[in-house]
Every structure is written in structure tokens, then in C-alpha cells.
There are 2 protein chains.
Amino acid sequence: MQTVGFGQHDHAACVGGGMKAAEDACEAQGLRLTKGRRRVLEILLQEHRAMGAYDILGMLSDEGFAAQPPVVYRALDFLVANGFAHKIQKLNAYIACAHPGDSHTPVFLICRECETVAETAAPLQSTLGEVAEKIGFKIENTIVEAEGMCPTCRDTETAV
Amino acid sequence: MQTVGFGQHDHAACVGGGMKAAEDACEAQGLRLTKGRRRVLEILLQEHRAMGAYDILGMLSDEGFAAQPPVVYRALDFLVANGFAHKIQKLNAYIACAHPGDSHTPVFLICRECETVAETAAPLQSTLGEVAEKIGFKIENTIVEAEGMCPTCRDTETAV
DNA sequence: GGATGACTTGATATAGTATAACATTTGCAC
DNA sequence: GTGCAAATGTTATACTATATCAAGTCATCC
């Protein structure tokens, strides 16, 4: 057991569980969890913190992987697209998903001091403040960005 | 009148109002709305869309302003820090605040097709989906990031 | 088994975003 | 008018991300 995020947990189980969840999901959906993708996910799970793409790149490079930026970005794109990892826009960093397999809208609590990131869920039904308070996080600034289709583009799309 | 965001409004009034609000706020708080800061805010209000720092830089440069990146980033830092503009993390872009003066938690609705950005408010009390639906925006993906202090860092801070 | 096509990877180059560092100037308080 | 804090000018560089095209891998179909 060690401190991760803002709480305690069995980290070995968390890494194993994360890999297992990804393997199962890929199996089920016919996705290919190739060597590079697998290794990047392992790194994110092991480190259990938000990492920059070039941090990951450095680790791959140390291990003798072909290590050019596109290698990492492709792996990250795959992991993010399939819900195994998330991008923390505020930090330009990536983190393994804490709830792989579940469909969810992640909410990230980012410490401005140490940049530790905790992933929580479903803020939009309850209030975000309540979620944070439970774990002792003091929110000072929230970033809420919703992406989708604006009315104009929806009209254009259906017209075509 | 012209289409801005996803609705209609009196754009001239909106620019004037934005500048007025910033001037008043600076006056009240002893902040200096210097030439460069003022011009960047004017540009953001006039364009009324999310702009990259280098887009703004290009416009300043065309006008004969000293136009190195730090000039723009400093102005943007000032405007964001004091609530006259916001950064759209998802787009690495900046946009004039639609409600200057009010203390608020902005919520941005970003069209993935045209990248038009609408600023709405206070999603955490109601549900984000309701806010979006009212203006015809279809949310496909939300980015919620809360920044603040984690329990560990709060302890350290009070200890010192 | 070989042809096919979709997907993935390798590799080089470059685009885009942001800050460090230090000298200089400006505005204001005393 | 001196001194200090804030703001600006300027150069260089760091950090983040993608375009492009060639080559390899894998499943499928015949």
C-alpha cells in the first residue's frame, strides 16, 4: 500500500486490474492492444500520475523502444479514444483511467501545488463541491468544457 | 447585429461594454490596463471567438506593435488572471469573457466541427445538459477539471 | 499459399504553444 | 529626484503535437 492520488489503495492490484480491464475491453471490441500501446498503458498505471507525453517517451527510450514522438502520441490517442486513459487539458498530461470499462464523465481534481490528480465521477448530477469535499480537496478554480455540435453545424450536417 | 456564438446580439455594444467593464474593474482594483493589455482585450472582444495566442500576435504585428510571444502571453495572463478573458484548454485558445465583472464559473460549449465557443454559466447547480439543450447544443464530451489544493498540500501549508 | 486491404509502426521533419532570462523603461510613493 | 515595484522589450529556447510517407503486420478471401 502506498499513497496515490489523495488516498490509499493496493497499487499492485490497481495496475493488474487496469491491464486486465484493457485486455478484456480490447478482446470484446476487436481492438489490438499492441506492444507499444500496452507498454504505455502499463507505464501510466504504474506511475499513477499525470504524465507528459515526453515523460513517457523518455521512459520508452530508456527501455530501448523506438522512441519518436509519434509513437507515444499514437499510443495515447488509442488509449484515450478507447477510455483506458484520459488527457488532463490543464496540464497537457495523460493519466490512466481510474474506472476503465465503466462509461463515465471523468472529473479531475488537480492540486495546483503538487499537480497530483484525482479522478472522480459524475459531478453533473450532484454538485462538484460535494464530491471534492468528501476527499478533502479544496476547489479554487474549475474548468468545464463541453464539446459537441453547435446548432449551426447540426443543421448543416442533416442538410447534407 | 450579426451571428456570434450560437445566437444574435448587438456586437458593438458588446465590445464597448466589455471594455467599459474592464476599465471599471481596473480602476476599482488599482490594476493597470496598459496599451498592450487593452489592445489584446479589444481584439478578443472584436473577434468574439476563441483565438490562439499567435493569431493575436499576428494582428498586433500587422499593426506595428512590438510583437514577440511574451508580449501576448503577458497580456493574456493579465486578462485571464483578472477575469476579463478565459483560456479554452481544449483549444489552446483565449476568448473574451462574456460576463465580465460577475464572479462566475464559466462553462464553455465548444463545437467540434467549427470550434465556435459559447460561454454559459453555473452548470454545477443545474445540470450541464439542461443548459446546453436550451441553446441547441448537443454535448458529446465534457471536460471537467477542478484545480485547487489537495489534502496533503493543505496540511503542509498550514504546518508552515 | 498468395493476393488483398485495413490497420499499425518506423522515421524524418516541422508546426504550434509557451516560458526563461535579463536588460530597460515606466509609474508611483516617499 | 530617489527608490522601488511593476511592466515592457528582446533574444533565445523549451515544450507539446502533428504531417507525411515508407514499410511492416495481420486477418480474410479466393
Side-chain angles (χ1 to χ4, degrees), chain A residues 22 26-41 43-44 49-61 63-82 84-95 110 112 115 143 145, chain B residues 22-23 26-41 43-44 49-61 63-82 84-95 110 112 115 117 143 145:
Chain A
C26 286
E27 175 85 12
Q29 298 169 62
L31 300 170
R32 286 156 64 183
L33 188 61
T34 58
K35 199 173 136 200
R37 293 169 177 176
R38 166 182 293 272
R39 188 62 195 122
V40 170
L41 178 55
I43 288 174
L44 286 176
R49 62 188 171 92
M51 300 181 76
Y54 281 70
D55 293 338
I56 299 168
L57 188 54
M59 294 184 65
L60 290 179
S61 178
E63 295 172 9
F65 260 80
Q68 301 306 321
V71 170
V72 169
Y73 281 102
R74 284 167 182 160
L76 289 171
D77 285 349
F78 173 86
L79 297 174
V80 170
N82 294 289
F84 307 136
H86 301 290
K87 178 170 186 181
I88 310 297
Q89 301 284 346
K90 175 77 184 180
L91 303 176
N92 290 319
Y94 302 83
I95 194 166
I110 307 163
R112 78 169 141 72
E115 294 197 342
I143 300 164
E145 298 179 2
Chain B
E23 284 161 6
C26 286
E27 175 85 14
Q29 297 168 62
L31 302 170
R32 286 155 66 180
L33 189 57
T34 57
K35 200 173 136 199
R37 293 170 176 175
R38 168 183 292 273
R39 187 63 196 120
V40 170
L41 179 56
I43 289 174
L44 286 176
R49 61 189 171 90
M51 300 181 74
Y54 281 72
D55 293 338
I56 300 168
L57 189 55
M59 295 184 67
L60 290 179
S61 178
E63 296 172 10
F65 259 81
Q68 302 306 322
V71 170
V72 170
Y73 282 103
R74 285 169 183 161
L76 289 171
D77 285 349
F78 172 85
L79 297 174
V80 170
N82 294 290
F84 307 135
H86 300 290
K87 177 170 185 181
I88 310 296
Q89 301 284 347
K90 176 75 186 181
L91 303 176
N92 290 320
Y94 301 83
I95 193 166
I110 306 162
R112 79 168 141 73
E115 295 196 341
V117 174
I143 300 164
E145 299 178 3

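Just so we're on the same page: letters track the sequence lines, and every chain starts at 1.
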Exercise. What is the distance from CG of A:L91 to C1' of C:dA18, rounded to the nearest Å?
Worked result: 15 Å
For this session: Rounded to the nearest angstrom, tell me the gap between atom CD1 in A:I88 and atom P in D:dA17.
Result: 12 Å
Which donor-acceptor pairs under 3.5 Å do side chains of residues 31-38 of chain A form with protein atoms, sequence neighbours excluded?
from: A:R37; atom 1: NH1; to: A:R32; atom 2: O; distance (Å): 2.7
from: A:R38; atom 1: NH1; to: A:E23; atom 2: OE2; distance (Å): 2.9
from: A:R38; atom 1: NH2; to: A:E23; atom 2: OE2; distance (Å): 3.3

Problem set entry | Pairs where residues 66-80 of chain B contributes a residue and the test salt bridge (charged side-chain N to carboxylate O under 4.0 Å, His left out) is met, not counting sequence neighbours | none
Exercise. To the nearest Å, how far apart are B:N82 CG and D:dA7 C1'?
Worked result: 14 Å
For this session: Specify the separation, in whole Å, of atom CG of B:L33 and atom P of D:dA7.
Result: 11 Å
Exercise. DNA chain D: B:L31 or A:K87, which has the more 5' nearest nucleotide?
Worked result: B:L31
Problem set entry | Contact list for residues 49-58 of chain B, test salt bridge (charged side-chain N to carboxylate O under 4.0 Å, His left out), sequence neighbours left out | B:E47-B:R49
For this session: Please report, rounded to the nearest Å, how far the C1' atom of D:dA19 is from the CG atom of A:D77.
Result: 13 Å
Exercise. How would you label the contact of B:Y94 with the nucleic acid (heavy atoms, under 4.0 Å): base, sugar-phosphate, or nothing?
Worked result: sugar-phosphate
Seminar exercise, completed: Between the CD1 atom in B:I110 and the CD1 atom in B:I95, the distance rounded to the nearest 0.5 Å is 9.0 Å
Problem set entry | Between CE on residue B:M51 and CG on residue B:L57, distance to nearest 0.5 Å | 10.5 Å
For this session: Let me know the distance between CD of A:E115 and P of D:dC15, rounded to the nearest Å.
Result: 13 Å
Problem set entry | Contacts of type side-chain hydrogen bond (donor to acceptor under 3.5 Å, both in side chains), residue B:Q29, not counting sequence neighbours | none
Problem set entry | 4.5 Å side-chain heavy-atom contact, B:Y54 and B:S61 | no
For this session: With a 4.0 Å heavy-atom cut-off, tell me which residues in residues 50-59 of chain A come close to DNA chain D, sorted by residue number.
Result: A:Y54
Can you give the donor-acceptor pairs under 3.5 Å from side chains of residues 84-91 of chain A to other protein atoms, not counting sequence neighbours?
from: A:H86; atom 1: NE2; to: A:H104; atom 2: NE2; distance (Å): 3.4
from: A:H86; atom 1: NE2; to: A:E119; atom 2: OE2; distance (Å): 3.3

Within the sub-3.5 Å range, which N or O atoms of nucleotides 9-13 of chain C have a protein N or O partner, and how far apart are they?
from: C:dT9; atom 1: OP1; to: A:T34; atom 2: OG1; distance (Å): 2.4
from: C:dG10; atom 1: N7; to: A:R74; atom 2: NH1; distance (Å): 2.9
from: C:dG10; atom 1: O6; to: A:R74; atom 2: NH2; distance (Å): 2.7
from: C:dA11; atom 1: N6; to: A:R74; atom 2: NH2; distance (Å): 3.1

For this session: Take atom CZ of A:F78 and atom C1' of C:dT8, then tell me their distance rounded to the nearest Å.
Result: 11 Å
Exercise. Partners of B:E27 by side-chain hydrogen bond (donor to acceptor under 3.5 Å, both in side chains), sequence neighbours excluded?
Worked result: none
Exercise. With sequence neighbours left out, what residues match B:A53 under side chain to side chain contact (heavy atoms under 4.5 Å, CB included)?
Worked result: B:V72, B:Y73, B:L76, B:Y94
Exercise. Going from CZ on A:F65 to CD1 on A:I43, what distance comes out if it is rounded to the nearest 0.5 angstrom?
Worked result: 7.5 Å
Exercise. Start at the 5' end of DNA chain C and walk down; is the nucleotide closest to B:R32 or to B:N92 reached first?
Worked result: B:N92
For this session: Describe, as an angle rounded to 10 degrees, how the axis at the first end of the helix from C:dG1-D:dC30 to C:dC30-D:dG1 is tilted relative to the axis at the last end, five pairs per end.
Result: 30°
Problem set entry | Phosphate OP1/OP2 of C:dT19: any B:Y73 side-chain N/O under 4.0 Å | no
